[in-house]
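Sequential numbering from 1 along the given sequence is applied to the chain's residues.
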Amino acid sequence: MIERFERGREIHVWARPTKRLACIHCQQEAVRIKATHQRTLKHTRQGNQLMVLHLAVPKYHCTDCNRYFRHRFAGIRPRRRATEAYRLEVFEAHDGGVSQRQLTRTHRIGSATVERWYQSFIGQRVSELSGRSCPQVLGIDEHVFSRKKGYATTLVDLRHHKVFDVVLGRSEASLRGYLKRWGRACGDGQFWSIPTEMAEKKPLVRVA
């Protein structure tokens, strides 16, 4: 529930939860508020203004299991000073070619923070990819990624009809290292379907 907001150089919003949560330990709803503290987080940009959230965070006491816990908000992780939406916004801007120097001015964070958030999302993405099974039929198409980085290649799992990955580059030479890494993960004999519009016009590439 929004209690008030102020608009100046930045947009400041004060809010608090509308209802109490059930106990995260025993799922009982018999909880009372032991204390409340305030968290301040960067959330997003509205035009050229940064939005800052001031959240009243209750600390609950479960009268059933006698344990304590704090209110949890979707998209906000413990002990962080920015929402996940804001961190993702910075990551996508930097990944799209916006420099650290520019982001320090527009998003009011240090260059080291930009690098840390960027590496965090890259690590998260690698972790997600490493747990996936190898596609049996892989469709490939190219598109413009950004003016700075040029073309990118989208890889689609045609059997399950979903995007598998997006890789910078569009020629066989630029994708060879990526395909070999997945070839080692999938085992010898795995074939990847390459459309004829690829740079070297080879319809099929065997990854060994």
Side-chain angles (χ1 to χ4, degrees), residues 2 5-15 38-55 57 73-132 138-157 162-182 185 192 194-195 197-200:
I2 297 177
F5 74 94
E6 295 179 1
R7 184 184 294 271
R9 183 181 179 186
E10 300 173 340
I11 302 174
H12 291 264
V13 178
W14 283 262
Q38 182 172 284
R39 289 187 66 183
T40 300
L41 307 103
K42 296 182 177 71
H43 177 47
T44 187
R45 281 168 52 83
Q46 298 289 327
N48 292 323
Q49 291 181 297
L50 172 65
M51 178 179 289
V52 180
L53 299 180
H54 303 274
L55 297 179
V57 184
F73 297 89
I76 299 176
R77 300 184 66 178
R79 295 180 295 279
R80 289 187 171 169
R81 300 180 181 179
T83 64
E84 289 303 291
Y86 192 71
R87 286 161 49 85
L88 181 60
E89 181 180 311
V90 171
F91 166 77
E92 291 181 338
H94 193 40
D95 195 55
V98 180
S99 68
Q100 291 184 2
R101 184 177 180 181
Q102 179 66 18
L103 287 170
T104 59
R105 291 197 299 264
T106 59
H107 287 71
R108 312 281 177 83
I109 54 177
S111 58
T113 300
V114 176
E115 181 66 21
R116 187 170 65 253
W117 291 359
Y118 185 80
Q119 294 300 330
S120 175
F121 275 101
I122 289 294
Q124 179 180 329
R125 185 175 182 185
V126 169
S127 177
E128 292 172 352
L129 292 176
S130 63
R132 294 187 301 176
L138 191 68
I140 295 181
D141 196 12
E142 64 185 44
H143 58 90
V144 176
F145 182 76
S146 70
R147 184 179 300 176
K148 181 178 180 179
K149 296 189 176 183
Y151 283 85
T153 299
T154 299
L155 301 96
V156 181
D157 185 344
K162 62 181 181 180
V163 174
F164 181 73
D165 201 0
V166 178
V167 186
L168 287 177
R170 61 172 176 169
S171 67
E172 182 182 337
S174 64
L175 297 175
R176 186 176 292 115
Y178 175 88
L179 294 177
K180 282 186 176 180
R181 286 194 298 274
W182 272 105
W192 302 71
I194 308 292
E197 62 264 29
M198 293 293 287
E200 295 189 18

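Every residue was checked against the salt bridge (Lys or Arg N to Asp or Glu O under 4.0 Å) condition with Arg39, not counting sequence neighbours, and none meets it. Every residue two or more places apart in sequence or in another chain that forms a side chain to side chain contact (heavy atoms under 4.5 Å, CB included) with Gln100 is listed here: His94, Ser111, Val114, Glu115. For Thr104, the side-chain hydrogen bond (donor to acceptor under 3.5 Å, both in side chains) criterion is met by no residue, not counting sequence neighbours. For the side chain to side chain contact (heavy atoms under 4.5 Å, CB included) test, residues two or more places apart in sequence or in another chain that qualify with Arg116 are Thr113. Residues passing the side chain to side chain contact (heavy atoms under 4.5 Å, CB included) test with Gln49, sequence neighbours excluded: Arg7, Ile11. Arg108 meets the side-chain hydrogen bond (donor to acceptor under 3.5 Å, both in side chains) test with Glu10; sequence neighbours excluded.
Using cut-offs of 30° and 60° on the angle between ring planes, the pair Tyr86 and Trp117 is perpendicular.
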Checklist entry - Checking side-chain contact (heavy atoms from CB on, under 4.5 Å) for the pair Val90/Leu103: CA distance, chi angles, key distance, verdict? => result CA-CA 7 Å; Val90 171; Leu103 287 170; 4.1 Å; yes

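Here the side chains of Thr106 and Val98 are not in contact, with every heavy-atom distance at 4.5 Å or above. Using a 4.5 Å cut-off on side-chain heavy atoms (C-beta onward), Leu41 and Leu55 make contact. Residues Val52 and His54 are in side-chain contact: their nearest non-hydrogen atoms beyond the backbone lie under 4.5 Å apart. A 4.5 Å side-chain heavy-atom check between Thr44 and Thr83 finds every atom pair outside the cut-off.
With a 6.0 Å radius and a threshold of 12 heavy atoms from other residues, nucleotides or ligands, Arg80 has its CZ atom above the threshold. When the shell of 6.0 Å around CZ of Arg105 is examined, it contains more than 12 heavy atoms from other residues, nucleotides or ligands.
Interatomic distance, Met51 CE to Gln46 CD, rounded to the nearest 0.5 Å: 4.5 Å. Taking CZ from Phe5 and CG from Leu53, the interatomic distance works out to 13.5 Å, rounded to the nearest 0.5 Å. Annotation: the span from Arg77 atom CZ to Arg79 atom CZ amounts to 9.5 Å, rounded to 0.5 Å.
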